[in-house]
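Worksheet for the structure shown next.
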Amino acid sequence: MAKLVRTANKEPFVEKPGDDMIICRCEEITRGEIRRAVHDGMSTMNEVKRYLRSGMGLCQGQTCQRLVQGIIASELKVKPTEVGMIQGRAPVRPVEIGVFSQNITDVKED
């Protein structure tokens, strides 16, 4: 697999027809925003995810991941597999502090 080099494109960004199409519905990210991110130097799915929040909405990329991957690959003129997939993270949920204190009091010292 070829290593992608992360450098910003020196040519000016040129909008294309269809750039206003929403690709990530959860975060309302357009095709043009993804193309601009690649133009700004993002070259992997995770970089674009951190840069734009694509794939971080309610669906966690289940709807848009392949579309975003295809747009990045098209802009870089590489195969979609070369830009990777979104790295999954465990969901973070708030936990009441009382839950932790219950666990501490349940532990008995020997």
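Only this structure's heavy atoms are used, side chains among them; waters, hydrogens and symmetry mates stay out. One-based numbering along the sequence shown.
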Inset, instruction - Can you measure from CD (Gln65) to CD1 (Ile86) and round to the nearest 0.5 angstrom? - result: 4.0 Å
Inset, instruction - Could you check if a side-chain atom of Arg31 sits within less than 4.5 angstrom of a side-chain atom of Lys16, using non-hydrogen atoms only? - result: yes
Inset, instruction - Quick one: list whatever passes salt bridge (Lys or Arg N to Asp or Glu O under 4.0 Å) with Glu27, sequence neighbours left out. - result: Arg53
Legend entry - Separation between CE of Met21 and CD1 of Ile34, rounded to the nearest 0.5 Å: 10.0 Å
Legend entry - Value rounded to 0.5 Å, distance of CD in Gln60 from CG in Leu58: 8.0 Å
Legend entry - Reported SG-to-CZ distance for the pair Cys59 and Arg25, which is rounded to 0.5 angstrom: 7.5 Å
Legend entry - Least distance between heavy atoms, Cys24 atom then Ser54 atom: SG-CA, 4.0 Å
Legend entry - Nearest-0.5 Å distance that lies between atom CE in Met56 and atom SG in Cys64: 11.5 Å
Legend entry - Beyond-backbone contact of Met85 with Met45, side-chain heavy atoms, under 4.5 angstrom: no
Inset, instruction - Return the minimal non-hydrogen interatomic distance between Tyr51 and Ala37, and the atom names on each side. - result: CD2-CB, 3.4 Å
With a cut-off of 3.5 Å and sequence neighbours excluded, list every side-chain donor-acceptor pair involving residues 71-79.
| residue | atom | partner | partner atom | Å |
| --- | --- | --- | --- | --- |
| Glu75 | OE2 | Arg35 | NE | 2.8 |

Legend entry - Distance in Å, Arg50 CZ paired with Thr44 OG1, rounded so as to fall on 0.5 Å steps: 6.5 Å
